[in-house]
Amino acid sequence: MIPFNKPYMTGKELWNISQAHHRGMLAGDGYFTRQCHSWLESRTGCRKALLTHSCTAALEMAAILADIRPGDEIIMPAYTFVSTANAFVLRGGIPVFVDIRPDTMNLDESLIESAITPKTRAIVPVHYAGIACEMDTIMAIADQHELLVIEDAAQGIMASYKDLPLGAIGHLGCLSFHETKNIISGEGGALLVNAERFAERAEIIREKGTNRSQFFRGMVDKYSWVDLGSSYLPGELIAAFLAAQMDEAEAITRDRRALWERYHTAFAPLEQAGWVRRPLVPAPCQHNAHMYYLLVKDLAERTALISHLESKGVHAVFHYVPLHSSPAGQRYGRSCGELPVTVALSDRLVRLPLWVGLDADRGLEKVIDAVESFFNK
Ligand SMILES: *Cc1c(COP(=O)(O)O)cnc(C)c1O
């Protein structure tokens, strides 16, 4: 069976972990965390990078930094992972779901303004599949209406928009290092602080609401409880693992891109024959091959394709149940219109296996053959 995902290990993770062990400092913000922070800062150009337990945690920090109060509205797609919405709902915010673009499955920037009310506080673009949202337009709308932009760049490491790394464009950006993403630490994430005004408070929120970081920099003579916060920082073992992955980020991205391109070329005839639609990458986007998906005719065909692939030894999956139609989404959020594109496309999307090493033992060819045999039956 070809698994849908297989976490790639560079081979250097255990060495780094043994070094963290040897250093005898296992709590957060040690040697390896600093290494990851500088990698992220130099790579993305963000003002400050802070490792977190997950992208979910980074989004929660962003919601606190944005000072979301009960009744505040946050514009986002319904076609996303639950954490995009949950982080704001935890603070009493109301997710306002806007439809997606049919080409990229990203928030449709042309519909954002119609969703803005006096209660709107932020826009959360989700860069689906590591392919950027139309950020120039989104930033201009936010600017004009004095809204924050919090990028859900969970899938966006090593991808960019007009040469700007994803997560470093909005006021705040959130990354994931979950084992299903491109660069991993099991569970893990980071908050990228781009707007200077959030830099100091972000450190405090992450350190249980204390000014511990300032204390260690010698800026205050004792540390105390100064703000809201929680424990959002990972320990050094996680950071040690992640640092090994960051060292190989270029090679990992190159390998994934090569696999993605082979799928893309192989499925062109199926698209020409009208059986599937392949992913579209708009000109301003440099993507990271986070995902390869196909859009098929309808839900029945998707179900049939996934079980056909299963019978050929290929594990393919689908996502997401749109948040506006899920029980908690209905309770806590509201939709701006009917979201026809979200509803239509979410039933038709199939994700294929894509992981470093998939081409060993002709794995990629097996997936391609299995897909072709379904349509050429
Ligand atoms: C994976 C993912 C998340 C959550 O990331 P975690 O690190 O698992 O918390 C959030 N948003 C999107 C779009 C994701 O793909």
Side-chain angles (χ1 to χ4, degrees), residues 4-5 7 36 40 49-64 74-90 95 97-98 100-101 104-107 122-133 135 138 149-159 161 166-167 169-170 172-192 206 230-235 238-239 241-242 245-246 256 279 285 287-293 317-324 326 328-329 333 342 345-346 349 351 354-355:
F4 170 68
N5 182 54
C36 294
L40 285 166
L50 293 168
L51 290 193
T52 57
H53 295 299
S54 59
C55 182
T56 302
L59 286 160
E60 288 179 19
M61 286 182 64
I64 298 172
I74 303 92
I75 291 172
M76 64 182 69
Y79 189 71
T80 182
F81 187 63
V82 295
S83 298
T84 316
N86 230 336
F88 297 93
V89 172
L90 280 168
F97 302 118
V98 168
I100 52 175
R101 290 167 46 144
T104 56
M105 321 274 298
N106 281 334
L107 189 61
I123 305 171
V124 186
V126 178
H127 305 299
Y128 184 67
I131 297 169
C133 296
M135 290 307 289
I138 293 172
V149 174
I150 299 166
E151 296 175 73
D152 181 336
Q155 303 173 10
I157 189 88
M158 302 293 285
Y161 168 86
L166 304 192
I169 305 169
L172 297 162
C174 303
L175 303 177
S176 175
F177 305 116
H178 186 266
E179 75 167 19
T180 52
K181 305 303 202 272
N182 290 19
I183 306 297
I184 61 173
S185 57
E187 303 282 348
L191 177 71
L192 304 186
R206 179 168 165 275
S230 186
S231 180
Y232 287 119
L233 69 166
I238 292 279
F241 191 106
L242 184 58
Q245 293 263 322
M246 286 175 168
R256 296 184 71 102
C285 308
H287 76 105
N288 59 3
H290 172 61
M291 191 189 301
Y292 200 88
Y293 67 80
V317 302
F318 65 85
H319 72 175
Y320 300 102
V321 176
L323 300 186
H324 75 295
S326 62
T342 303
L345 297 193
S346 59
L349 185 134
R351 300 177 64 185
L354 178 55
W355 35 270

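All of these numbers come straight from a predicted model, not from anything done at the bench. All ligand and atom numbering here is 1-based and tracks the order in the structure.
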**Study point:** Taking atom 12 (C) of ligand 1 as the reference point, the nearest protein heavy atom with its distance
**Key:** A154 CB, 3.4 Å
Check your understanding: Which atoms of ligand 1 have any heavy atom of G188 under 4.0 Å away?
Key -> 7 (O)
Study note, to complete from the structure: Among non-hydrogen protein atoms, atom 2 (C) of ligand 1 lies closest to K181 NZ, 3.0 Å
Exercise for review: Answer yes or no: is there a donor N or O on one side and an acceptor on the other, between the side chain of E151 and the main chain of G167, under 3.5 Å?
Suggested key: yes
Check your understanding: Tell me: protein heavy atom nearest atom 9 (O) of ligand 1, and distance?
Key -> T56 OG1, 2.5 Å
**Study point:** Ligand-side contact atoms (ligand 1) for residue partner V126, heavy atom cut-off under 4.0 Å
**Key:** 13 (C)
Check your understanding: Going by heavy atoms, is Y320 under 4.0 Å from ligand 1?
Key -> yes
Review point. Judged by atom type as modelled, is there a donor-acceptor pair below 3.5 Å linking the side chain of Q245 to the main-chain atoms of S185?
Key: no
**Study point:** Sidechain-backbone polar pair: N106 side chain, R101 backbone, donor-acceptor under 3.5 Å
**Key:** no
Practice item. Check the angle between the aromatic planes of Y128 and Y293 and answer parallel, tilted or perpendicular using the 30° and 60° thresholds. Key: tilted
Check your understanding: Do any N or O atoms from the side chain of D152 and from the backbone of V124 form a donor-acceptor pair under 3.5 angstrom?
Key -> no
Exercise for review: Please confirm whether the backbone N or O of M158 pairs with a side-chain atom of N182, one donor and one acceptor, at under 3.5 Å?
Suggested key: no
Review point. Do side-chain atoms of Y232 reach the backbone of S54 as a donor and acceptor pair under 3.5 angstrom?
Key: no
Check your understanding: So which heavy atom in the protein is nearest atom 15 (O) of ligand 1, and how far is it from that ligand atom?
Key -> Q155 NE2, 2.8 Å
Check your understanding: Would you say R256's side chain and L354's backbone share a donor-acceptor pair under 3.5 angstrom?
Key -> yes
Point to revise | Under 4.0 Å to a heavy atom of C55 - the qualifying atoms of ligand 1, by number | key: 4 (C), 5 (O), 6 (P), 7 (O), 9 (O)
Check your understanding: If we only count N/O pairs under 3.5 Å, is F177 in contact with ligand 1?
Key -> no
**Study point:** Nearest non-hydrogen protein atom, atom 4 (C) of ligand 1
**Key:** F81 CD2, 3.6 Å
Check your understanding: Polar-atom distance check: E187 versus ligand 1, any N or O pair below 3.5 Å?
Key -> no
Point to revise | Any A58 heavy atom less than 4.0 Å from ligand 1 | key: no
Check your understanding: Considering only protein heavy atoms, which is closest to atom 11 (N) of ligand 1, and at what distance to one decimal place?
Key -> D152 OD2, 2.8 Å
Exercise for review: Give a yes or no answer on whether the side chain of H53 reaches the backbone of L233 with a donor-acceptor pair at less than 3.5 Å.
Suggested key: yes
